[in-house]
Asks: 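Take this structure, written in structure tokens, and hold onto it; I'll ask about it next.
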Amino acid sequence: MESPIVQPDRPAIRISGLTKYFGQKLAVAGIDLLVPRGSFYGLLGPNGAGKSTTLAMVTGLLRPDAGAIEVAGIDAIADPLTLKQHIGVVPESLLLFERLTGAELLEYVGLIRGISPTVTSERASELLTVFDLDAEPGKLIVDYSQGMRKKISLAAALIHAPEVLLLDEPFESVDPVSVRTIKQVLQELVSSGATVIFSSHVMETVEDLCDHVSIMNHGYVMAAGPLAEISQGRRLEQVFAEVVGATAPEAGQLTWLRDNQ
């Protein structure tokens, strides 16, 4: 499988005028976005901001109503099959083959990706070990916990060493030890020249991992760029609250919470 010719100044993802409606509701409002190649990119926003919808369009799971998407030099809308050869995806809703074991799922995905059976088996075994999913080799995915399902989904997204990896809340429901392992794996992937973009509500995780961020609200990109430029020495949580206009209870509100003590 040949990869597109690498251009040092080519962004990993280029989005222009991206728009999506659900009925009369505007979910993504004609956004423009550049994700630098080799970056660890955090996509932030409150619930309903348009993050998951944007990622779904970038990965070909949703078709936009307008706009253009280029991923790894590929027109994601015109050539979705080629797109899928170069990306890995862990979506918000994990749809897995429930009656397979973890090893069977990874071997299936590897073979579908065109990897040889020998290499697929080796990579699957290593991924299961790294993500601590090899203790019960006969266990079916239907019996996995939510955290285990998240990890096997990530393993399946990594088995072909994607050029661009897109993750929707990758640390949700994952235990702290596994979170540490996942962070290390993703950092190693980025250090190899790949690009990771993920949505998250956990500001500390984004600050810990990301070198670039984008903050969305009501379908618009409110701020985007290098993390250092966006934060300007402040905590990301503070910047986020200011950008999205977060509000706190006013004096006199919810007093009944303490009055009942």
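This is a predicted model, so every value here is computed, not measured.
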Asks: Side-chain contact test, heavy atoms from C-beta onward, threshold under 4.5 Å: evaluate it for Ile13 versus Thr195 and give yes or no.
Replies: no
Asks: Does Arg37 reach the main-chain N or O of Pro11 with its side chain, forming a donor-acceptor pair under 3.5 Å?
Replies: no
Asks: Which heavy atom in Gly102 sits nearest to a heavy atom in Leu128, and how many Å separate them?
Replies: C-CD2, 4.2 Å
Asks: Say whether Ser178 and Lys151, considering side chains only, have a donor N or O and an acceptor N or O under 3.5 Å apart.
Replies: yes
Asks: Quick one: are Leu100 and Phe97 in side-chain contact, heavy atoms under 4.5 Å?
Replies: yes
Asks: With a sphere of 6.0 Å drawn around NE2 of His201, does it hold more than 12 non-hydrogen atoms of other residues, nucleotides or ligands?
Replies: yes
Asks: Report yes if some heavy atom in the side chain of Val164 is under 4.5 Å from a heavy atom in the side chain of His86; otherwise report no.
Replies: no
Asks: Specify the closest pair of heavy atoms between Ser39 and Asp211, including all atoms of both residues, with the distance to one decimal.
Replies: CB-OD1, 3.3 Å
Asks: Run the side-chain contact (heavy atoms from CB on, under 4.5 Å) test on Asp208 and Phe40 for me, step by step, so that the C-alpha distance in whole Å, both residues' side-chain angles and the decisive distance to 0.1 Å come before the verdict.
Replies: CA-CA 10 Å; Asp208 184 37; Phe40 212 134; over 6 Å; no
Asks: Would you check if the distance from the ring center of Tyr41 to the ring center of Phe198 is below 6.0 Å?
Replies: no
Asks: Side-chain contact test, heavy atoms from C-beta onward, threshold under 4.5 Å: evaluate it for Thr129 versus Leu127 and give yes or no.
Replies: no
Asks: Between Ser125 and Glu122, is there a donor-acceptor pair closer than 3.5 Å when you use the side chain of the first and the backbone of the second?
Replies: no
Asks: Taking the side chain as every heavy atom from C-beta outward, state whether Gln187 and Leu209 have any atom pair closer than 4.5 Å.
Replies: yes
Asks: Flag the pair Met203 / Leu44 as yes when at least one side-chain heavy-atom distance between them is below 4.5 Å, and no otherwise.
Replies: yes
Asks: Side-chain heavy atoms nearer than 4.5 Å, only ILVMFWY residues, links allowed to pass through others: does that put Leu62 and Leu33 together?
Replies: yes
Asks: Answer with yes or no whether the hydrophobic clustering places Phe22 together with Met57; edges join I, L, V, M, F, W, Y residues whose side-chain heavy atoms lie under 4.5 Å apart.
Replies: yes
Asks: Is a side-chain donor or acceptor of Lys20 paired with a backbone partner of Val28 at a separation under 3.5 angstrom?
Replies: no
Asks: Within the side chain of Ser121, is there an N or O that forms a donor-acceptor pair under 3.5 Å with the backbone of Thr118?
Replies: no
Asks: So, taking the atom named OG1 in Thr120 and the one named CG in Leu106, what distance separates them when rounded to the nearest 0.5 Å?
Replies: 9.5 Å
Asks: Look at the side-chain heavy atoms of Ile, Leu, Val, Met, Phe, Trp and Tyr, link any pair under 4.5 Å apart, and say whether Val202 and Ile182 land in one connected group.
Replies: no
Asks: Establish, from distance only, whether the side-chain atoms of Thr19 and Asp65 form a donor-acceptor pair under 3.5 Å.
Replies: no
Asks: Val71 and Ala76: which non-hydrogen atoms are nearest, and at how many Å?
Replies: CG2-CB, 4.3 Å
Asks: Enter the distance from Glu104:CD to Ile141:CD1 here, rounded to the nearest 0.5 Å.
Replies: 8.5 Å
Asks: Looking at Arg234 and Glu242, does any basic side-chain N land under 4.0 Å from a carboxylate oxygen?
Replies: yes
Asks: Keeping Glu207 on the side-chain end and Leu236 on the backbone end, is there a donor-acceptor pair under 3.5 Å?
Replies: yes
Asks: Output all residues satisfying ring pair (Phe, Tyr, Trp, His ring centres under 6.0 Å) with Tyr21, sequence neighbours left out; order by chain, then residue number.
Replies: none
Asks: To the nearest 0.5 angstrom, please state how far the CG atom of Leu133 sits from the NZ atom of Lys139.
Replies: 9.5 Å
Asks: I want to check something: taking the side chain as every heavy atom from C-beta on, are Ser199 and Leu55 in contact at a cut-off of under 4.5 Å?
Replies: yes
Asks: How many angstroms lie between CD in Gln85 and CD1 in Ile87, if you round to the nearest 0.5 Å?
Replies: 10.5 Å
Asks: Would you confirm whether Asp32, through its side chain, and Gly17, through its main-chain N or O, come within 3.5 Å as a donor-acceptor pair?
Replies: yes
Asks: Just how far is it from atom CE of Met148 to atom CG of Asp175, taken to the nearest 0.5 Å?
Replies: 10.5 Å
Asks: State whether the side chain of Asn217 and the backbone N or O of Ala49 hold a donor-acceptor pair below 3.5 Å, judged by distance alone.
Replies: no
Asks: Can you check whether Val196 reaches Leu167 side chain to side chain, under 4.5 Å on heavy atoms?
Replies: yes
Asks: Taking all heavy atoms of Val174 and all of Val179, pick out the closest pair and write down the distance.
Replies: O-CG2, 3.6 Å
Asks: Decide whether Asp168 and Ser52 meet the rule of one side-chain donor and one side-chain acceptor closer than 3.5 Å.
Replies: yes
Asks: Below 4.0 angstrom, N of the basic side chain to O of the carboxylate: do Arg149 and Glu98 qualify?
Replies: yes
Asks: Does any N or O in the side chain of Thr59 come within less than 3.5 Å of the main-chain N or O of Ala56, such that one atom is a donor and the other an acceptor?
Replies: yes
Asks: Side-chain heavy atoms under 4.5 angstrom apart, residues restricted to Ile, Leu, Val, Met, Phe, Trp, Tyr: same cluster for Ile77 and Val89?
Replies: yes
Asks: Identify the two heavy atoms, one from Ile152 and one from Leu105, that lie closest to each other, and give their separation to 0.1 Å.
Replies: CG1-CD2, 3.8 Å
Asks: Kindly work out whether a path of hydrophobic side-chain contacts (I/L/V/M/F/W/Y, heavy atoms less than 4.5 Å apart) joins Val109 to Val185.
Replies: yes
Asks: Has Lys150 got a side-chain atom pairing as donor or acceptor with Glu169's backbone, closer than 3.5 angstrom?
Replies: yes
Asks: Between Thr54 and Met216, which heavy-atom pair has the shortest distance, and what is it?
Replies: OG1-CE, 3.6 Å
Asks: Could you walk me through whether Val239 and Gln232 pass the side-chain contact (heavy atoms from CB on, under 4.5 Å) check?
Replies: CA-CA 9 Å; Val239 176; Gln232 296 183 342; over 6 Å; no
Asks: How long is the span from the CD1 atom in Ile197 to the OG atom in Ser214, to the nearest 0.5 Å?
Replies: 7.5 Å
Asks: Taking Ser191 for its side chain and Glu188 for its backbone only, find out whether a donor-acceptor pair lies under 3.5 Å.
Replies: yes
Asks: Enumerate the ring-ring contact (aromatic ring centres under 6.0 Å, His included) contacts for residues 137-159, please, sequence neighbours excluded, ordered by first and then second residue.
Replies: none
